[in-house]
S.K.: 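Please read through the structure below; I'll follow up with questions.
Chain identifiers are assigned alphabetically (A, B, ...) following the order of the sequence lines, protein sequences preceding nucleic acid strands; residue numbering begins at 1 within each chain. Everything quoted here is computed from the prediction, not taken from an experiment. FYI, side chains are in, hydrogens and waters are out, and symmetry mates aren't considered; it's all heavy atoms of this structure.
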Amino acid sequence: MFFLTTAIDYTNGSPHIGHAYEKILADVITRYRRLAGEEVYFLTGVDQHGQKVQQTAEKEGISPAQYVKTVTARFSALWKKIGVEYDGWAETTDLRHITCVQSILSDLHSRDQIYKKTYRGFYSVRQEQFLTDRDRDEAGNFGTEWGEVTEIEEENYYFKLSDHTPWLREFLQKSDDTILPAFRKSELINALEKNLGVDLCISRPKERLTWGIELPFDTDFVTYVWFDALINYISFVGYTPDPTLPDFESIWTDRPVHIIGKDILVPAHGIYWFAMLHALGFSDEKMPQLLVHGWWNRSGEKMSKSLGNIIDPAELADTFGSDALRYYLVRDIHTGKDSNFDAERLVMLFNTELANELGNLCNRALNMSVRFTEGVITPGGLLTADDTALQQSLIDNTAAYRKAMDNHEISMGLEALNRHVVHCNQYAERMKPWELNKNVENKNRLATVLQHLAESVAHCAVLLSPILPDAAVKLAAQLNLAKLTDLKLDDLKWGLIPNGHEIEKPFPVFPRIEVKVAE
RNA sequence: CGCGGGAUGGAGAAGUCAGGUAUCUCGUCAGGCUCAUAACCUGAAGACCGUAGGUUCAAAUCCUACUCCCGCAACCA
């Protein structure tokens, strides 16, 4: 089983383009692996607990539960709108999750992996948080934004992270495929070196935070962030067995892939989560791989609420369509790196690669078949060098596509697909089927050329299906081959269209976007 | 000496780990085609690959130094 997860989104605001990117990436990878014949389980969801949610809910005068429900609905509505289809949905207020978290906490507590300790530090009453040296200004004082700052003592529970960091360091150093892309690994190892002897605070006293999961062994505390959110990756696939959840052993068969943003690699996933799994007894062979993606920036700057340059993905989907948005978000970024969000490029890429190249290829090819051969596809006569070159291009580019997609490099997979489309357009230009049609003697040759184009469209529809499933269905419908979308990658051999098959009159699958981009 | 990422034709990127004629998309210019979504195809101009050194027969790629940009508190993928 290929088990894929995303980070769970914090329900303290509306979804933005980064949330959408991560989920689309996961959705595309899920669909691709299924196309490759693998069994896949895709889990995503929302992180609903914590101080920020509690504060925002109070500000709005509603209960945290009510607030979280509203925000969660916005997320799930967006996933529906942009075609993100998951098998499991994680909400951290779910009773099944709470049960699992508490059972893990009890277990670790009973094995002395969790202990109580007094912490002394500077506390901001206004912000309701402890301050660190990082919060000091240049003069070494805490600024007025913190309000009254007092030094207080507080008891809390700690996880013995330090028991596991030596193992983790060794594990990461010898593993080349745990952190993807590889260039993120050094950052993680550096951070680890600095934290070798440090343990992790995992609780908050209830006077400060009530919106969380109660510690089973001390009801004056709730658990804070890590032992809540991260555990979703196992709680929602039945780590604590539950009839309404999948069987854990059949989901977590080897190494799952967690798709996360670069901000939560260090320390959350790269250190805490691995250490937690190790404490729970997961072997090296069962440790997750982290696929770390970059950011969508705005003119080279980070997108943030404070800069006011947030982009609403739902709005984009309404304006340009879900296809254009999905295509752009996996096409114009290299997995792991940052990219600049640019609505003009979104329109440009849709119009050139989908409308002009692939869409138009489909349209011109099928239209000629309808007009010149009554829509009937037949292999025609002997193959020429041009025909075999086209078939070879399909083989080569399908291989390149698979290689790129296996490495989660969606943009390069699409490049390979486009290379074949361009090859087909060049082929059409050289073969000139519209000329061949002028003389009946060329009937066989004409049939061969049109068959090569139609066959190519069929292959392209399948290859495109992980990225744009709806469009793939439309392409298959035009070919009058609905079962095309049930094929697996290994079925992609020359001859998908049976001899004598009749196709439909085409219509543009990707109508050009003529919207003027505001700004 | 904090950590990491980046600097490649007008714009955006790939290529850098495993050195060997500089790649792709958009844009610009000139031509062609007419089956097609004013789509498609061909050709051209345009980059001494951030700077300065070094290694090498050969450097965007390896080494050294430097300059500039972006992240690393919060919102947050």
S.K.: Indicate, with a heavy-atom threshold strictly under 4.0 Å, whether A:Asn418 touches base, sugar-phosphate, or nothing.
M.R.: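 Touches nothing.
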S.K.: Is there a donor-acceptor pair closer than 3.5 Å between any side-chain N or O of A:Gln54 and the backbone N or O of A:Trp211?
M.R.: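 A pair under 3.5 Å: yes.
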S.K.: Report the residues that fulfil salt bridge (charged side-chain N to carboxylate O under 4.0 Å, His left out) with A:Asp228, sequence neighbours left out, ordered by chain and then residue number.
M.R.: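 With neighbours one apart ignored, the set is empty.
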S.K.: Dot-bracket for RNA chain B, please, read 5' to 3', with Watson-Crick or G-U wobble pairs under 3.5 Å on both distances, ( ) within the strand, [ ] crossing, | other strand, . unpaired.
M.R.: .(((((((.[[[[.)....(..]]]].(((((.......))))).....[[[[[..)....]]]]])))))).....
S.K.: For a quick test of reading the model, state the closest non-hydrogen atom pair linking A:Val449 to A:Pro433 and the distance between them.
M.R.: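 Nearest heavy atoms, A:Val449 then A:Pro433: CG1-CG, 4.0 Å.
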S.K.: Check if the side chain of A:Asn360 and the base of B:rA36 share a donor-acceptor pair of N or O atoms closer than 3.5 Å.
M.R.: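 Checked by distance alone, the answer is yes.
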S.K.: Considering all heavy atoms of both residues, which atom of A:Phe75 and which atom of A:Gly13 are nearest to each other, and what is their separation?
M.R.: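 Residues A:Phe75 and A:Gly13, closest heavy atoms: CE1-O, 3.5 Å.
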S.K.: Scan the side chains in residues 434-444 of chain A for donor-acceptor partners under 3.5 Å anywhere in the protein, sequence neighbours excluded, and list what turns up.
M.R.:
residue  : atom : partner  : partner atom : Å
A:Asn439 : OD1  : A:Glu441 : N            : 3.0

S.K.: Considering only B:rA77, B:rA36, B:rC76, which nucleotide approaches the side chain of A:Asn12 most closely?
M.R.: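 My answer, after comparing the listed nucleotides, is B:rC76.
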S.K.: Taking salt bridge (charged side-chain N to carboxylate O under 4.0 Å, His left out) as the definition, give me every residue that meets it alongside A:Arg169, ordered by chain and number, with sequence neighbours left out.
M.R.: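 Applying salt bridge (charged side-chain N to carboxylate O under 4.0 Å, His left out) to A:Arg169 gives A:Glu193.
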S.K.: What's the closest nucleotide to the side chain of A:Ser186 if the choices are B:rA77, B:rG4, B:rU42?
M.R.: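 For A:Ser186, the side-chain atoms sit closest to B:rG4.
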S.K.: Please verify the inter-ring angle class for A:Phe236 with A:His97; under 30° counts as parallel, over 60° as perpendicular, anything in between as tilted.
M.R.: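 The rings of A:Phe236 and A:His97 lie parallel, inter-plane angle below 30°.
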S.K.: Could you check which of B:rC35, B:rG15, B:rU37 has an atom nearest any side-chain atom of A:Phe510?
M.R.: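 Nearest to the side chain of A:Phe510 among the choices is B:rU37.
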S.K.: Which pairs would a plain distance check flag for residues 178-191 of chain A, meaning a side-chain donor or acceptor within less than 3.5 Å of a matching protein atom at least two apart in sequence or in another chain?
M.R.:
residue  : atom : partner  : partner atom : Å
A:Thr178 : OG1  : A:Ser175 : OG           : 2.4
A:Thr178 : OG1  : A:Arg255 : NH2          : 2.9
A:Arg184 : NH2  : A:Gly336 : O            : 3.1
A:Lys185 : NZ   : A:Leu172 : O            : 3.0
A:Lys185 : NZ   : A:Gln173 : O            : 3.4
A:Lys185 : NZ   : A:Ser175 : O            : 2.8
A:Asn190 : ND2  : A:Ser186 : O            : 3.4

S.K.: Spell out protein contact along nucleotides 21-34 of chain B as letters: B when the base is contacted, S when just the sugar-phosphate is, - when no protein heavy atom is under 4.0 Å; keep the 5' to 3' order.
M.R.: ----SS-----BSS
S.K.: Would you mind telling me which of B:rC35, B:rC3, B:rA13 lies closest to the side-chain atoms of A:Asn190?
M.R.: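 Side chain of A:Asn190 sits closest to B:rC3.
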S.K.: Mind checking A:Arg184 for me? I need base, sugar-phosphate or nothing, with any heavy atom below 4.0 Å counting as a touch.
M.R.: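 The answer is nothing, as A:Arg184 stays clear of every strand by at least 4.0 Å.
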S.K.: A:Asp263 has a side chain; which of B:rG4, B:rA77, B:rA36 sits nearest to it?
M.R.: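 From the listed options, B:rA77 comes nearest.
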